[in-house]
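Here the structure is laid out as structure tokens; the discussion comes afterwards.
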Amino acid sequence: MGADHGGVALKDELLPLLTDRGLTWKDVGTFGSEAVDYPDIAFQVARAVAGGEAAQGILICGSGIGMAITANRVPGVRAAVCNDLYSVRMARAHNDANILALGGRIIGSGLAREIVTTFLTTPFEKGRHLRRIKKMEGGCS
Ligand code: RB5
């Protein structure tokens, strides 16, 4: 879990949900309201997921967009901005997203909790979607 100043309040509201679900989690910050650069946070979470230290990651900035763009520069990461329930269901079922990016200035904590729960519980459907992910990871040629 990581957030910049645009997402830190939502991050702190969501951490108890992870504990309640019995998950082991690590919070890489930020820990206050002072402005920080979202790439510094996004790369820490992305490298933890790509390297296998974490099974999944959650990144929160003002919109979710900067976090996702940054995280997706790390090979093996599939970060998806999901500020609604349909997006997060598809991000897991079809795209096997391993990082969820949320917009702390877009959604409230109630919806965010539902999005996180859906992210953590929706399985990847595999099949034709696995073929497409393999093509994605082969890069452009
Ligand atoms: C910070 O003001 C803001 O740019 C950041 O939180 C994020 O929304 C970037 O994508």
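Along the sequence shown, residues carry numbers from 1. What you are looking at is a predicted structure, and each value in this text was computed from that prediction instead of being measured.
Here V36 is tied to no hydrophobic group at all, with no ILVMFWY side chain closer than 4.5 Å. In the hydrophobic clustering (ILVMFWY side chains linked at under 4.5 Å, chained through shared members), L59 is joined by V28, Y38, I41, F43, V45, V49, M67, V74, V77, I99.
Applying the side-chain hydrogen bond (donor to acceptor under 3.5 Å, both in side chains) rule to D12 yields no partners; only residues at least two apart in sequence or on another chain are considered. For S87, the side-chain hydrogen bond (donor to acceptor under 3.5 Å, both in side chains) partners are D84, not counting sequence neighbours. With sequence neighbours left out, L120 forms a side-chain contact (heavy atoms from CB on, under 4.5 Å) with L18, R21, L23, Q56, V116. Not counting sequence neighbours, R113 has no partner by the salt bridge (charged side-chain N to carboxylate O under 4.0 Å, His left out) test. Partners of E137 under the salt bridge (charged side-chain N to carboxylate O under 4.0 Å, His left out) rule, at least two apart in sequence or in another chain, are R78. Residues passing the side-chain contact (heavy atoms from CB on, under 4.5 Å) test with A55, sequence neighbours excluded: none. Applying the salt bridge (charged side-chain N to carboxylate O under 4.0 Å, His left out) criterion to E53, with sequence neighbours excluded, gives K26.
Between the CG atom in L102 and the OG atom in S63 there is a gap of 10.5 Å [rounded to 0.5 Å].
L14 and V8 fall into different hydrophobic clusters, where Ile, Leu, Val, Met, Phe, Trp and Tyr residues are linked whenever their side-chain heavy atoms come under 4.5 Å apart, directly or through other members. Under the 4.5 Å side-chain contact rule for hydrophobic residues, I106 and I115 share a cluster.
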What do the steps show when you test L17 against T117 for side chain to side chain contact (heavy atoms under 4.5 Å, CB included), and what is the final call? CA-CA 8 Å; L17 171 65; T117 300; 3.9 Å; yes
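Contacts classified as salt bridge (charged side-chain N to carboxylate O under 4.0 Å, His left out) and involving residues 30-43 (residues at least two apart or in different chains) are not found. Applying the ring pair (Phe, Tyr, Trp, His ring centres under 6.0 Å) test to every pair with at least one member in residues 12-37, sequence neighbours left out, gives no pairs at all. Residues in residues 78-116 take part in these ring pair (Phe, Tyr, Trp, His ring centres under 6.0 Å) pairs, two or more places apart or across chains: H94-H129.
Looking at heavy atoms from C-beta onward, L111 lies out of side-chain contact with N83 at the 4.5 angstrom threshold. Looking at L10 and S109, their side chains come closer than 4.5 Å, going by heavy atoms from C-beta outward.
Applying the 6.0 Å contact sphere to CZ of R132 captures more than 12 heavy atoms from other residues, nucleotides or ligands.
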